[in-house]
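Inspection log for the structure reproduced underneath, given as structure tokens.
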Amino acid sequence: MKFFSMLILLIIPVLCIAQPTQHSELKFNCSLCHSCESPTKTNPCLKACPRAEIITVHHSAEEAPGYIILDKFKNVEDNYAPVNFSHKAHAEMSVMAGGCEMCHHYNPPGRVVACSECHSQSRIRDDLRTPDLKGALHRQCIDCHRLWSSDVACADCHHENITNINKADPVDRYHPQIEEPERLVYDTDEMEGYVTFYHSDHTNIFGQECNDCHKQESCVSCHIEEQMLGNINLSQEEKHDACSGCHDTDGDCESCHKEQITPGFYHAVSTGFNLSKYHSKVECGGCHTTPKVFKGLSGSCAACHKNWSLENFEHSITGLSLDENHSENDCEDCHVENDYKNPTCDNCHDEEIFYPDFLPGIMK
Amino acid sequence: MATQNRRDFLKTVSSIGIVTAGVAATPTKLKADPENILSNERNGVLVDTTVCIGCRRCEWACKKSHDMQPGSIDDYDDKSIFDIKRRPDHTTHTVINAYKGNSISKPIMLKAQCMHCDKPACVSACIVGAFSKKENGSVVWDESKCIGCRYCMVACPFQIPAFDYHKAIEPDIHKCDFCAERKGNGKLPACVEICPVEALTFGNRADLVTLAKDRIKKNPKRYVDHIYGETEVGGTSWMYLSSVDFATLDFPVLSADTAPGVSESIQHGIFAYFIPPIALYALLGGIMYISKQKSNKEEE
Ligand code: SF4
Ligand code: SF4
């Protein structure tokens, strides 16, 4: 009997330690989270969350559960309807901001830890550093919601009649389409004049993703009352931050700060080089390889396509397959002075044959 | 008796007063010892004004637990009430007021109720010992002893004790009792229990000070480095954290000197007119004590 109990005593700690395999492989010092030397599952002796230091992301927003019904407090006196939390919609929105960690602020690698594993369901408890579950859940929602709307009435979340929602087959809600501004004009204090910013050109033509520029945005950056926006005193550096990923904001002030509101940038008009159908799909950096420098390319094919020659150039990618009579010609014969837009036939033919009525091959 | 108004009452007491001046010469008997115990176990509440959302559920719960006609909980969603600043009074022991916000709290919501001082001025000021500081931190008021002199109201640095002027005769002082009865039954104060965001943290006072310091240290941008009530007037059971200077939230700027200084100053003021304060207390106290005895008898 004694032997048996000894055995059990020995086995229990082994089980406890062996269980969280991934957990024990953490690269953190145990004492970051635990206050005692040998934490067990029943007595994990957890310290207050070290939050940002230990967080990992586990799955993408698309894989997140659609709806989560929060109904832990059904029986208390202030009985409100359970909350049907549109988890997936929030997960997707969080991608623009701090990611899953905004809410799952304490999650060692492995499965997603339920809120109630750290936040006690009882308000009477020993460790007061972590808010209880009711407080934590409410804060998690209200902290953001009340920043952009003073409407934090209970019924805004605690809707009646949510019982017919099928947890397994959630109807997803999405963030409504964001209306993108076409042009923004900044009347700058520091320098006389304006910065004219063509927002939609940056996304539609230059292929920028939202978070290429909106690096540290959270929901409240948009969902905030105007008066609050005025209170946000961004430093000069922070203001430039959105642009400095692509543009030289340290030296070349005049390329953006102009005396007048400027027209939008169109490659053909502003630089004389028409991007046409091939180049319009190339990212800016594909041609302008020096970071933050967009000037200095001559516009000739050879400036970028250094290895193109008569031997290896497939003319058909331009849409025109040269016929036998023309396939051996030098480029210069038709494209005089690197003018690829208006080829000439004059070098071989008389005036009766001209481009584009007569073609040196077949258009595809 | 019930129909007697306040003026009649004062007339009565002043006429008896002359007669009873001699009786009042035994003041020690009247001024009961305050139960001024400062236990290490005493509890408190830490109010985090950066967390409070101004839902006023605490107001409702407080009234409900004290049989003070709470009405429908949904009525407490009315935000227009924040247009004017309110004080706790005989209809409510606690109120939420709104202050201009900042990027951390918008607006700042501030719960006001009795601070439950460690060295309560009201206890010192009360000449009949109707106020007492309990071992668990509560400063409570005993109706059976109160003579309605309202010295407590003058003494309190936070102007908390409220008088029900609708009842001129039966002294009726109102203030938060830190839910002494609920706590005695192992329950949380009603306001703490209902708060949806746990803006009110209930616990051992010493633990709460540690907790508050911890929060300030971890979030130096969120909080000003000041726990209101940690040292003010010798320390209070209810303490506050804030993102702005407490003076902007109408908190009185108070030193760590104990508040009974306030009641002393009443005495000192009287002393300046060469009236020994004890004699005056004895006189006033005697008058009121006797008139209370008298009114009690009349009611019987
Ligand atoms: S502690 Fe009790 S009496 Fe005091 S404000 Fe809270 S609910 Fe009201
Ligand atoms: S219940 Fe809590 S959050 Fe609501 S007003 Fe009272 S202290 Fe603030």
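Just so it is clear: chains get the letters A, B, ... in the order the sequence lines come, proteins before strands, and each one is counted from 1.
Applying the salt bridge (Lys or Arg N to Asp or Glu O under 4.0 Å) test to every pair with at least one member in residues 177-192 of chain B, sequence neighbours left out, gives these pairs: B/Arg182-B/Glu193.
Shown here is A/Leu184, whose CG atom has more than 12 heavy atoms of other residues, nucleotides or ligands within 6.0 Å. For A/Asp126, the CG atom counts as loosely surrounded, since its 6.0 Å shell holds 12 or fewer non-hydrogen atoms of other residues, nucleotides or ligands. Heavy atoms of other residues, nucleotides or ligands lying less than 6.0 angstrom from CG of B/Asp225 number 12 at most. Atom CG of B/Asn40 is surrounded by 12 or fewer heavy atoms from other residues, nucleotides or ligands within 6.0 Å.
Rounding to the nearest 0.5 Å gives a distance of 6.5 Å between CG of B/Asp207 and CG of A/Leu128. Summarising the geometry, atom CD1 belonging to B/Ile53 is positioned 10.5 Å from atom SG belonging to A/Cys141; distances are rounded to the nearest 0.5 Å.
Of the listed residues B/Asn204, B/Thr210, B/Asp74, B/Val192, the one with more heavy-atom pairs under 4.5 angstrom with chain A than any other is B/Val192. For the set B/Asp77, B/Leu188, B/Leu208, the count of heavy-atom pairs under 4.5 angstrom toward chain A peaks at B/Leu188.
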| said: For a side-chain contact (heavy atoms from CB on, under 4.5 Å) check, start with the C-alpha distance between B/Cys195 and A/Lys134, then their side-chain angles and the critical distance, and finish with the verdict. | reply: CA-CA 9 Å; B/Cys195 178; A/Lys134 176 170 145 183; over 6 Å; no

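When heavy atoms are compared at a cutoff of 4.5 Å, B/Leu46 does not approach chain A at all.
For B/Glu232, the side-chain hydrogen bond (donor to acceptor under 3.5 Å, both in side chains) partners two or more places apart in sequence, or in a different chain, are B/His226.
For the pair A/Arg139/B/Pro196, no side-chain contact is recorded, criterion being any heavy-atom separation below 4.5 Å from C-beta on.
Under a 4.0 Å N-O distance rule, the pair A/Arg129/B/Glu198 does not qualify as a salt bridge.
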